[in-house]
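Working notes, beginning with the structure itself.
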Amino acid sequence: MVVKLDKIFDSAARNSLFKDKFVLQANHTPETIPHRDKEIEQVAAILAPCLKGEKTSNLFIYGNTGTGKTLSVQYVKNELLKRAGTTPFKLKIEYLNCKLKKIADTDYRILAELIKKLGGTVPATGLPTDSVYNKFIDLIDKEKQILILILDEVDQAVKKKSDSFLYNLTRLNAELTNTQICLVGISNDLRFLDDLDPRVKSSLSEEEIVFPPYNALQLQDILRNRAEKAFHKNVIDEGVIEKCAAFAAREHGDARRALDLLRVAGEIAERGGEKKIKLKHIDLANSKIERDKILDLVESDPKQFQLVLSAILSLTEKNEKIFTGEAYRVYQELCRKTGTEVLTQRRVSSIIGEFDMNGLITTKNISRGTYGKTREIKSAIPPEIEGQVKVVLRDALSL
DNA sequence: AGGTATTCACATGAAACTATTCTCTGAGTTAGG
DNA sequence: TAACTCAGAGAATAGTTTCATGTGAATACCTGT
């Protein structure tokens with residue numbers, strides 16, 4: 001055993017393809033952001049008045065995941081702060097990601113987090129929300145300053161709660177005497193603004209910027225840029241970058257996805273003891289990412305969901321087409337075996353609906369005449385992963 | 001033959017219920033003055 | 001005496017059940033030829 005491990009460690013140390021893997025990680029901030037000049041300029045133009053001590057318009061930014069929204073805004077933030085040292089008043093810019101669970105998915109938590117970032121303290125729990133608001137107001141209104149709040153993934157914060165939080169924030173300026181607040185909302189859901197209270201909507205989106213997805217050529221640039229720093233020279237085979245970009249472009253131009261792909265491909269090549277990243281590694285990486293995504297999803301689902309999925313998978317073995325009724329019967333069987341309580345068909349039906357949403361299965365409503373109307377269920381899990389999914393399910397359910 | 005009525009096996013929606021998590025209030029505690 | 005802490009009451013939420021209503025077409029049942 002020891003000998004074997006030694007070998008592994010040795011080879012890992014010897015022929016590392018990576019120079020700096022961190023560059024490919026999602027949270028890395030590069031110095032240059034290719035193909036976003038126009039957007040960055042727009043953002044900067046809108047926020048620039050804050051350098052003169054004026055209140056800027058609230059800004060709302062849309063765009064799919066991996067289109068550089070967060071990156072661009074962070075970049076502008078840093079540039080503004082660099083300049084801010086020379087201004088006669090204070091300029092503060094706070095960035096907050098509302099999606100991080102357990103940190104900021106209720107207005108209380110978001111406020112608590114903001115207060116913490118601004119140097120105040122709040123008990124983790126126990127205070128009424130209004131008093132936290134007041135504390136927040138006190139804290140920022142103590143001195144004359146301009147505060148820019150960047151709320152990343154605002155849609156998440158609003159989806160859970162109501163939009164009252166945003167409403168309060170937009171009205172905040174009225175209560176402040178010294179400080180001016182500007183809001184920058186970032187969201188990847190284009191429809192998000194539509195089901196917002198009109199008052200909030202108009203006030204939050206005084207300005208709007210849309211970040212379009214990257215096309216394949218732009219993705220190539222981005223990848224080349226980063227690959228140069230991430231890998232040693234000449235480790236990337238001909239066409240690899242192009243293929244990476246093409247894959248990611250298919251996925252709505254998601255740059256994050258492209259970088260992941262390249263990184264995982266690198267890891268696979270390295271583990272295989274190869275000196276170069278080849279085209280086949282991209283394919284392998286693609287299916288690995290896909291596989292991990294599915295396995296994660298399956299693993300983190302609640303037990304009842306796993307039971308339903310097990311039922312569907314065990315039926316898939318036997319025949320191509322599955323109907324809700326059959327699936328429900330097998331599911332009941334499984335519940336009895338595992339000693340789990342049986343959910344109603346109504347619920348199982350909506351669980352199946354959720355699987356459809358996640359892309360684990362596909363369903364189609366069909367009518368079978370006298371034999372009723374039902375959903376035709378097909379597993380969308382690639383056959384080569386199915387085995388692993390089953391193992392995960394078996395472990396989780398201790399079958 | 002051609003038309004329409006029925007019927008199946010669920011889908012889909014809305015409301016009600018329930019267990020768990022959050023928020024809030026006031027009593028008790030601490031610490032500073 | 002003001003500020004903090006904490007337990008328990010009450011509110012909010014997520015997950016589920018119950019009840020109600022809808023649905024497309026194969027089949028059964030007419031109806032007049």
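Since the model is a prediction, treat every value here as computed from it, not as a measurement. Naming: A, B, ... by sequence-line order, numbering from 1 per chain.
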Examine C:dT17: is either OP1 or OP2 under 4.0 Å from a nitrogen or oxygen in the side chain of A:R347? Give yes or no.
-> no
Looking at A:T324, does any N or O in its side chain come under 4.0 Å of the phosphate oxygens OP1/OP2 on B:dA11?
-> yes
Rounded to whole angstrom units, what separation is found between the CD1 atom of A:I377 and the C1' atom of B:dC10?
-> 11 Å
In whole Å, what is the span from the CD atom of A:Q345 to the C1' atom of C:dC19?
-> 15 Å
Among the nucleotides B:dG13, C:dA26, B:dC10, whichever has the atom closest to the side chain of A:T370 is C:dA26
Residue pair A:R368/A:R346 against DNA chain B: nearer the 5' end by closest nucleotide is A:R368
Short N-O contact, A:E41 and A:K38, less than 4.0 angstrom | no
For A:K278, which of A:L284, A:I236, A:D237, A:I268 qualifies under side chain to side chain contact (heavy atoms under 4.5 Å, CB included)?
-> A:D237
How long is the line joining CD of A:E376 and P of B:dA11, in whole Å?
-> 13 Å
What's the CD1-P distance between A:I351 and B:dA11, to the nearest Å?
-> 13 Å
What does A:V342 touch in the nucleic acid at a heavy-atom separation under 4.0 angstrom: a base, only the sugar-phosphate, or nothing?
-> sugar-phosphate
Closest to the A:N365 side chain: B:dT12, C:dA25, C:dT16?
-> B:dT12
Salt bridge (charged side-chain N to carboxylate O under 4.0 Å, His left out) contacts in which one or both residues fall within residues 217-226 of chain A, not counting sequence neighbours | A:R224-A:E242
Spacing between A:K321 atom NZ and B:dC10 atom C1', to the nearest angstrom | 17 Å
Reckon A:R375 has a side-chain N or O less than 4.0 Å from the OP1 or OP2 of B:dA11?
-> yes
Euclidean distance, atom CD of residue A:E341 to atom C1' of C:dT16 [Å, nearest integer] = 9 Å
Would you tell me if any nitrogen or oxygen in the side chain of A:S349 comes within less than 4.0 Å of OP1 or OP2 on B:dA11?
-> yes
Verify the neighbour count for atom NZ of A:K276: are there more than 12 heavy atoms of other residues, nucleotides or ligands below 6.0 Å?
-> yes
Candidate nucleotides C:dT18, B:dA9, B:dA11, ranked by approach to the side chain of A:T344 - the nearest | C:dT18
So is A:R336 actually on top of A:Y331's ring, under 6.0 Å and inside 45° of the axis?
-> no
Rounded to whole Å, the NZ-P distance (A:K364 to B:dC10) equals 17 Å
Tell me: OH of A:Y371 to P of B:dA11, nearest whole Å?
-> 19 Å
